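Below is one structure, written out as structure tokens; comments come after it.
Chain letters run A, B, ... following the sequence lines, proteins first, then strands; residues in each count from 1. The structure presented is a predicted model; accordingly, all values stated were derived computationally and were not measured.
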Amino acid sequence: MTIESKQSSSPSPHPSKVAELSHFPNPQDYEGRIYQFWQDGEFFQVTSGDHRQGSPPIYTILMPPPNVTSQLHMGHGAGYSIQDWLIRWRRMKDGQAAWIPGLDHAGIATQMMVEKQLQAEGISKHSLGRDLFVKRAQQWKEKYGHEILNQFRAIGFSCDWSRLAYTLDNKRSYAVRYAFVQLFNEGLIYRSHRLVNWDPSLQTALGDDEVENRMVSGHIFYLRYPVKGGDAGQWLTVATTRPETMFGDVAVAVHPDDERFQQYHGKKVILPLTHREIPVITDNYVKQDFGTGVLKITPAHDPNDYLVGVRHGLGAIDILNDQGALQGDDVPKSFQGVDRFAARKMVVKSLKELGLFQGSDPHKHSVPYSSRSGVVIEPKLCAQWYVKMSGFAKQAATVVRQGEMSFYPENWQKTWLYWLDNIQDWCISRQLWWGHRIPVWTCENCGHVFASLEDQPHRCPKCDGQTFSQDPDVLDTWFSSWLWPLSPFGWPDDSNELDDFFPSQVLITAPDIIFQWVARMTMASLKFQKKLPFKKVFFVATVCDKKGQKFSKTLGNGIDPMDVIAEYGADALRFTAAFIAPQGGRIKMSMDDFNIGKNFIHKIWHASRFILGLCDNTSNIKPLASTTKNVWQLGLLTELAYTIDKTEDCLNNFQTQAALRTLYHYVWHALCDWGIEACKESFRMLSADDQEKKEECLSVILFAHECALRLMHPVIPFVTEELWGHLPAHPDLPRAKALCVSKYPSLTEVPSEPRVHEKWTLMQNIIQKIRRLKQVYSLPKQSYATLNVYLKIMANHRFEDQEELALITRLAQVGIVHLLSPQDTMPAKSLIDGTLYFEVAVEVGDLIDISAEVTRLSAQIKQAQGHLGGVEKKLQSEAFLARASESVVTNTKKQKQQLLEKIGSLEKTYESLLNAQDGGL
RNA sequence: GGGGACAUAGCUCAGUUGGUUAGAGCACCUGUCUUACAAACAGGGGGUCAGAAGUUCGAGUCUUCUUGUCCCCACCA
């Protein structure tokens, strides 16, 4: 079924087609109504299964599901606007396109928001209990999920709402369990006791990607550890940024070759404050020239020390509890329960009292922070679940190396490969309550540990036992996100939907989740479906404030899309976001920028008003094929054809900014500045009874205008849909029920003639030069209607048609334009300008003193001669003639000829001006 | 330390196999309420393309270095 055959049977969304458009577009008058119309028409819903009867596969884009932590910000607004642009474009082009909407439960981020909320209410999460806490989180999700969906509609996103998926709903949860169980049974998920990133505030392990390293100005402290059996005052001085971890020290290490410490090899030192004895070990890891050359080894609280500890079989002493306070048998009584930062000061103070503190130096170093809670991460030894990544990473790297998957901009490839080639296993367990519960069970009878697809397993696979305990932890939120290319389509059940929508065509997302999300989706799809989830990944720009700082809640520098919509309208938001978004990199955005979009909408609104006005007098609109097209008409249509061609080319390569600039130029300049203005003049020149010619004008301008609406619709859907409804249909542009499902203009449907376009451009240049002379020399306005203008054409275009000269005359607002042959002499007392292709003279007589023009003309001649000099030098160079391509040489020769002609003509004019000046004196 | 960039008009940025005299939007200046649009129209001014060297007949574009800014990854206690 083609779109065009769905002829209008539903009521129009518009109150009245003949109603005058208001003077100023007010988006609030129509945006809500239009969106309702789209929804009622179900225009964005995709019927799956259609394509298997011979239609092409469905063009699909997966929306990166926004977190339900809070409402959307302009970062979403900008990134999603681009997606909606592309999906609307494809829908109009192909007849079907699916944008799959979703919401992400955002495990840790949402849990934190709920905890904060509880804290504000004075409720502790533990007193509330797990079940009630999850209920609170669900309420949070309902509230913000609802708000987000409202925002989507307000911005005009054309998602297929019937396919809305949520990472924590039943189907998606089943997919998560299925994936987990499969990987578990294959041995790709395992449990391991090792050092993890611990967030003492949220009291959970974090993935490496949830840790943010910040440069901090701190101190490096020098602590003296007395040597066992040594003289009083004999000690080794260690350098550390974390004195409070000394109770967990298991050794001090020096470099084996460090001559300063040879005598201590094999000896022991006494840990101050606890009097525990620890060995002096040697390890190449120690840098002799850093600090004191003596390193304290604290395996339980430092990743590097951990490795040293493992190498030397030292064991580890954990001295911190889950909240980050000191605790344990090795911690002296007075330090028990003291927070790590308070303990730092206490240790320094105590050592000072003992004379074992040797001072401190300011020290800049990087400190890991939780990107969630913002507190300092504590490395902690504990058991967590991991996914073995090496196999996944290899595959994901290979597909990119072999060019099966590509990035826009492509430089992300290196980042991708570097990460995958150095990948660490993925820690997927979190000590949280909000998320997918880990489907691992322990049989209480035999102790067997197994993963289960069932909500509640019935019997132990090993001993038939019937009571089990489930792992209390939940999965990393990305463990559901990485299934996103599959889970919205019924996976893992055998599903036709999957055939329809998997793989999708392109992923459009922010570059900062390339590892967490993009890479892992690639891995999951390759693993579970043996296919890439998408072959192209387009990274949108990051939205920042004017200073280049990323929008953030804490800084309060963000822009709320709803504020933008209230002040400027959704179309202005979308247009502006697309217009200022660079290719990659960052968008520096401020509220004022949305005037760009607002102005454009204003412009297209008024163009429509004008054309609607023309339609009032003429009911008959001819097909284009039946019209004889004059220069501006064919010129405009050709420009339209170029625009269609270039836009398509840009969009295919995700060059959205170039595409939008092309469209902007067409609408504002080609259509409004030149097309409509020429159309007005044509109407004025035609006699009242020349109805046929007027109908031809109308046909062309209406066609060019409706194509503009169609071309712009994916970017500014509301205003174009609204205007489209007011304008009469053009016979060459069949209409569907709505603009959003009408056909996108295609090159083959637009008459074009490059030679005529060239001529129309030449005429525009001539008109601009004449206007320039009038204004630069401040000719009195009263004289305009009687000005004589002389025109020489050197380009290969003929101006025999009086209508064309008349059009120049009218658009340039002069009295009359006379055509001269290139050999003729320009009249005396005139102002001259031109290019290589033409020359114009505005005869001014004694209106103004032309001595200034004499000076300007001589400067012009000089400039042209300079240019000629350069060209001649090129042509005299044998190297140039020998090595430059033939077309370049030909062009250069042609250029030389044109320059010579121009200079000749200018000199002639110069002479006559001089004579006129003399004569006038 | 490793990697990725960026540096073009006052501001934000285009400039995709090197090829006429480098463009746009905003801002600025001048004129105009010309019956779609003053949120507009018409016109104008403004850039030794960060600096240096090299490759080339020819460099904003390619190579190297220098300077300045940003991002990512890793991390020395």
Side-chain angles (χ1 to χ4, degrees), chain A residues 21 23-25 208 213 220-221 238-242 253 285-287 289-298 302-305 363 365-366 368 409 411-415 417-419 422 511-512 514-515 542 546 548 550 579-590 592-593 595-596 598-614 653 655 657-658 661 664-665 668 672-673 676-677 680 767-768 771-776 778 781 812-813 836 863-864 866-867 870-871 873-875 877-885 887-889 891-892 894-896 898-899:
Chain A
L21 293 173
H23 191 73
F24 291 109
D208 293 337
N213 292 302
I220 188 162
F221 302 91
V238 299
T240 180
T241 54
R242 304 203 53 195
Y285 166 69
V286 183
K287 293 213 166 73
D289 54 358
F290 190 91
T292 57
V294 186
L295 175 63
K296 69 195 258 313
I297 302 298
T298 324
D302 183 282
N304 289 303
D305 291 8
H363 183 59
H365 61 132
S366 86
N411 49 291
W412 288 100
Q413 184 173 329
K414 281 209 170 179
T415 309
L417 292 176
Y418 181 83
W419 186 71
N422 296 281
D512 51 347
I514 181 170
F515 306 134
T542 313
K546 277 292 170 198
K550 236 172 129 168
F579 193 80
I580 66 179
Q583 199 74 353
R586 36 185 59 208
I587 309 173
K588 290 181 190 168
M589 182 183 279
S590 73
D592 286 344
D593 290 331
N595 282 314
I596 299 170
K598 199 175 171 184
N599 286 353
F600 186 82
I601 283 140
H602 189 253
K603 191 74 184 174
I604 206 166
W605 182 272
H606 278 280
S608 305
R609 279 185 82 211
F610 172 76
I611 288 163
L612 202 58
L614 292 184
N653 294 297
Q655 293 172 337
Q657 206 188 28
R661 276 159 204 272
Y664 180 98
H665 182 267
W668 202 298
C672 293
D673 290 349
I676 289 182
E677 292 306 316
K680 280 184 195 169
I767 291 159
Q768 283 171 322
R771 287 173 181 163
R772 180 182 183 278
L773 289 171
K774 284 164 58 189
Q775 288 207 27
V776 167
S778 307
K781 214 186 153 191
Q813 287 193 293
L836 288 179
Q863 194 203 348
H867 190 187
V871 171
K873 198 172 155 195
K874 243 189 215 175
L875 287 170
S877 153
E878 279 174 36
F880 175 76
L881 294 173
R883 299 192 193 194
S885 76
S887 66
V888 171
V889 175
N891 277 342
T892 312
K894 203 168 130 195
Q895 202 185 339
K896 180 187 168 181
Q898 286 165 338
L899 277 166

Could you tell me whether [X] contacts a base, only the sugar-phosphate backbone, or nothing, with contacts defined as non-hydrogen atoms closer than 4.0 Å?
X	result
Asn411(A)	sugar-phosphate
Ile676(A)	base
Lys680(A)	base
Ser366(A)	base
Glu677(A)	base
Ile580(A)	nothing
Arg771(A)	sugar-phosphate
Gln768(A)	sugar-phosphate
Arg242(A)	nothing
Phe290(A)	base

[options]: which one has an atom nearest the side-chain heavy atoms of [X]?
X	options	answer
Arg609(A)	A36(B), A77(B), G44(B)	A36(B)
Gln655(A)	U16(B), G44(B), A24(B)	U16(B)
Gln775(A)	A36(B), A74(B), A42(B)	A42(B)
Lys598(A)	G19(B), C13(B), A39(B)	A39(B)
Leu899(A)	A14(B), U21(B), A36(B)	U21(B)
Val888(A)	G19(B), A40(B), A36(B)	G19(B)
Asn213(A)	G4(B), C75(B), G43(B)	C75(B)
His602(A)	A77(B), C37(B), G25(B)	C37(B)
Val286(A)	A39(B), C13(B), A77(B)	A77(B)
Gln895(A)	A42(B), A5(B), U20(B)	U20(B)

query = Parallel, tilted or perpendicular: which fits the ring planes of Phe24(A) and His606(A), with parallel below 30° and perpendicular above 60°?
reply =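 The arrangement is perpendicular - the two ring planes meet at more than 60°.
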At under 4.0 Å, does any side-chain N or O of [X] touch on OP1 or OP2 of [N]?
X	N	answer
His363(A)	A77(B)	yes
Lys603(A)	C41(B)	yes
Asn653(A)	U16(B)	no
Trp668(A)	A36(B)	no
Arg772(A)	G44(B)	yes

In the strands shown, is [N] matched to any nucleotide by a Watson-Crick or G-U wobble pair with both distances under 3.5 Å, and which?
N	result
A24(B)	U12(B)
C62(B)	G54(B)
G1(B)	C73(B)
G68(B)	C6(B)
U34(B)	none

What integer distance in Å separates [X]:[atom1] from [N]:[atom2]?
X	N	atom1	atom2	result
Lys287(A)	A77(B)	NZ	C1'	9 Å
Met589(A)	C26(B)	CE	P	17 Å
Asn422(A)	C75(B)	CG	C1'	14 Å
Trp412(A)	C6(B)	CH2	P	12 Å
Arg586(A)	C72(B)	CZ	C1'	11 Å
Tyr664(A)	A24(B)	OH	P	11 Å
Arg661(A)	C13(B)	CZ	C1'	6 Å
Lys874(A)	G19(B)	NZ	C1'	6 Å

Using the [atom1] atom in both, what is the distance from [N] to [M], to the nearest Å?
N	M	atom1	value
A74(B)	U67(B)	C1'	26 Å
U20(B)	A59(B)	C1'	15 Å
G46(B)	G23(B)	P	14 Å
U55(B)	G18(B)	C1'	12 Å
U35(B)	G45(B)	C1'	33 Å
A9(B)	G25(B)	C1'	12 Å
U69(B)	C33(B)	C1'	47 Å
A52(B)	U16(B)	P	23 Å

Whether the side chain of [X] engages the backbone of [Y] through a donor-acceptor N/O pair (distance < 3.5 Å, no angle test) should be reported.
X	Y	value
Asp302(A)	Thr298(A)	no
Lys598(A)	Asp593(A)	no
Asn595(A)	Asp592(A)	yes

task = Would you kindly compare Phe880(A) and Lys588(A) by the position of their nearest RNA chain B nucleotide and give the one closer to the 5′ end?
result =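 Nearest nucleotide further toward 5': that of Lys588(A).
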query = Does the ring of Tyr664(A) carry Lys603(A) above it, NZ/CZ under 6.0 angstrom from centre and within 45° of its axis?
reply = no
Check: [Y] and [X] side chains under 4.5 Å, non-hydrogen atoms:
X	Y	value
Val238(A)	Leu295(A)	no
Leu875(A)	Leu881(A)	yes
Arg242(A)	Lys296(A)	no
Phe579(A)	Arg661(A)	yes
Ile596(A)	Ile580(A)	yes

